[in-house]
Number of protein chains: 12
Amino acid sequence: MPEHIYKKVELVGSSKDGVEDAIEGAIARAAETLRNLDWFEVKEIRGNIRDGKPEYYQVTLSVGFRVMDAEDMQKG
Amino acid sequence: MPEHIYKKVELVGSSKDGVEDAIEGAIARAAETLRNLDWFEVKEIRGNIRDGKPEYYQVTLSVGFRVMDAEDMQKG
Amino acid sequence: MPEHIYKKVELVGSSKDGVEDAIEGAIARAAETLRNLDWFEVKEIRGNIRDGKPEYYQVTLSVGFRVMDAEDMQKG
Amino acid sequence: MPEHIYKKVELVGSSKDGVEDAIEGAIARAAETLRNLDWFEVKEIRGNIRDGKPEYYQVTLSVGFRVMDAEDMQKG
Amino acid sequence: MPEHIYKKVELVGSSKDGVEDAIEGAIARAAETLRNLDWFEVKEIRGNIRDGKPEYYQVTLSVGFRVMDAEDMQKG
Amino acid sequence: MPEHIYKKVELVGSSKDGVEDAIEGAIARAAETLRNLDWFEVKEIRGNIRDGKPEYYQVTLSVGFRVMDAEDMQKG
Amino acid sequence: MPEHIYKKVELVGSSKDGVEDAIEGAIARAAETLRNLDWFEVKEIRGNIRDGKPEYYQVTLSVGFRVMDAEDMQKG
Amino acid sequence: MPEHIYKKVELVGSSKDGVEDAIEGAIARAAETLRNLDWFEVKEIRGNIRDGKPEYYQVTLSVGFRVMDAEDMQKG
Amino acid sequence: MPEHIYKKVELVGSSKDGVEDAIEGAIARAAETLRNLDWFEVKEIRGNIRDGKPEYYQVTLSVGFRVMDAEDMQKG
Amino acid sequence: MPEHIYKKVELVGSSKDGVEDAIEGAIARAAETLRNLDWFEVKEIRGNIRDGKPEYYQVTLSVGFRVMDAEDMQKG
Amino acid sequence: MPEHIYKKVELVGSSKDGVEDAIEGAIARAAETLRNLDWFEVKEIRGNIRDGKPEYYQVTLSVGFRVMDAEDMQKG
Amino acid sequence: MPEHIYKKVELVGSSKDGVEDAIEGAIARAAETLRNLDWFEVKEIRGNIRDGKPEYYQVTLSVGFRVMDAEDMQKG
């Protein structure tokens, strides 16, 4: 019986509201295309500044998903 | 006069609500057992995904507390 | 035509409310003195603990701003 | 004459048998889809525990392959 | 409903046979004392040399287990 | 209004001429396939040696591009 | 014959006199509770400042000791 | 006789021409304001992309200079 | 009530006598100019060699101080 | 009485069989030339791929040996 | 049939002209003494500053070469 | 005129007295064999423990020296 294989893709989510919102946006977008999303790891938190305030929080994520077939391997 | 000694333990808190809530949960649990909790350092932020959303935020913390006696050294 | 030069300063913001609030406080304070703040990078998230809870979230930031003249280089 | 370009993808192989078996499984799966696999780098070795033993070794790999055309760039 | 809390302990297993055997030895020893062992992460692989050969493989692991009550927090 | 999402892919460019030429070659190749390339980060500089000289400079890049739709997510 | 298992605990020693004194204080305190202390690794050197001078040197150590039985695993 | 003290500032130079030109631009700008510039360390090489090519190389430098008096400490 | 903001500056102290003396020299010099110095972190220990001996120990420090007003932000 | 001095050399072993075999090959080769080999540390695990399988495991090691005299210092 | 063993040595090349020239100088010098140079990895880019300009670019390289016999192991 | 080339070797000094003494011992030993020692960088501080005290401080150094001719390249 073959054992599980996962692939990880690196995404950057952005949000005016904060870190969790940027994470959720990136994962929601990935979920439109990729099946079997399984976990995420935060790699970097940064953002741009406008008028003395953070304008966008930008969170770099590594997102792991299970590869079931050749289509999963190519996607993501 | 002996100078202070601290011990650090590594915990992972999890929360459906976000990073701060996961941190607070882990520290609250530690405080039930350990005296003199003093500071924490975030080591990693990750989480699992279900239905295209983060289900649990998982935050790895290093938590420092002051060691007053042998019991403190063994606990934690 | 001279190309842009940026300088980065390292700040630590603190907040009882959470990570984003600590970031925003540090950037707001920097903006009182420094022109042309452009971006921030989170370097460390930590905090002190009192009564079994985080008292202050302490977030170390690297903040970049554009250097227009000698005054900008000295400030920050 | 154009010079070589490579792309790297991050995969996680898992195996009940050990580190090398997890690596080989991930590479075999990638080879079903991607041409010109060239090298791998081990990024992380971890695993889950069941009944006091490692159940699965989970090895994160970065796998490099040569990009010959647009199809290679999109795949992987 | 309270959410899960985990604790991580750092162990070094040693084996004349290789990396996986050193990992399994350390986890087996931990399992005699700690409930709910959940995962491990390899932090370092090294060893001592005798007569021109590795004598012992020494593998440093971070081992995570779920904390159910105060006894779990103190153990490990 | 949805906020921006980016994806990062890891490429290795090679050049007999030097670091910048290897970077430009990798980005030019990526631009044949991927829309909205936005930034790059150098991860590693290495090369092979022949006859006492670097033959190819090999530069590993992380390249970020904006994800507009499902096709962008799958490509890259 | 079972092979050796070690556990590592993270301690912070502090001293007004310097780095070695902070290390020795932390190890002496650990030795009151833990048997078979074997080695230490310096992880961080820092300190607080008062009146324009370092007041305490604070040295974070990882201390390894051999685990002989269940009591050793729980202690430390 | 007092021994030397140095201060390090972090700058980002940008150039359309390449890495060395970005370094030289940042140092030249610093030299208009700071005395006794002594050495630099490259921390990061990145850039933005326009029309399938690097538009600006952006090189982050740590620049060290000798502190002779209070004015030097404040500048930079 | 506004919460505390800190700034960190990077200094290199040098001493013929050793690590602690290099640290103390850098902090003493900083204290002539900067108010409210609060803590230091050792980033690097190195030195130059003359006649088969270390001539100067060179210790790179990150020094944190509390920012009370615009003058503090500009200094340091 | 003079205290021990060690030197470390960096080697890469390769093997078709796996990680431990690559380590053992590199150490055996070093032992033909160097006396007093004492310990090794694994720095990197990678390999090349041929026909959808790892062809050679390549393991980078740092190998430490005790320096007894000038000949030991030059060798290795 | 014995498998390949490589050794890596760390060199620093310096050049007034730039990064590639410093790399080429260090490799050319190594090639006068060492056979079978195979690859290099850039570890650090820094330099000294004179009169507001980089005077020397200093590039630290790890250079790998194949070890064919005892003489190769001792050299380099 | 050829520009300077340096080589770096990694040594571990040990001392019962402390960090500086371990550094000085390793450099003194190297100076018996190698010409033109120029600088050192501390890579790791650790030690073994006996009877609840550090017995030996073990300091890993990278030591740089200028390569003047083929003999220098082979030594060290």
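Protein chains get the first letters and strands the later ones, always in sequence-line order, with residue 1 at the start of each.
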Enumerate the inter-chain donor-acceptor pairs under 3.5 Å for chain H and chain K, one line per pair.
{"from": "H:E20", "atom 1": "OE2", "to": "K:V19", "atom 2": "N", "distance (Å)": "2.7"}
{"from": "H:E24", "atom 1": "OE2", "to": "K:Y57", "atom 2": "OH", "distance (Å)": "2.8"}
{"from": "H:D38", "atom 1": "O", "to": "K:I49", "atom 2": "N", "distance (Å)": "3.0"}
{"from": "H:F40", "atom 1": "N", "to": "K:G47", "atom 2": "O", "distance (Å)": "3.0"}
{"from": "H:F40", "atom 1": "O", "to": "K:G47", "atom 2": "N", "distance (Å)": "3.0"}
{"from": "H:V42", "atom 1": "N", "to": "K:I45", "atom 2": "O", "distance (Å)": "2.8"}

Inset, instruction - With sequence neighbours excluded, tell me which residues meet side chain to side chain contact (heavy atoms under 4.5 Å, CB included) with H:A26. - result: C:I5, H:L11, H:L61
Legend entry - Minimum-distance pair of heavy atoms, taken over all atoms of H:A31 and K:G52: CB-CA, 3.6 Å
Inset, instruction - Kindly compute the distance separating CD1 (K:I45) from CD1 (H:I23), expressed to the nearest 0.5 Å. - result: 6.5 Å
Inset, instruction - Can you see which heavy atom on K:P54 is nearest to which on H:I27, and at what distance? - result: CG-CD1, 3.9 Å
Legend entry - ring-ring contact (aromatic ring centres under 6.0 Å, His included) pairs, two or more places apart, involving residues 7-37 of chain H: none
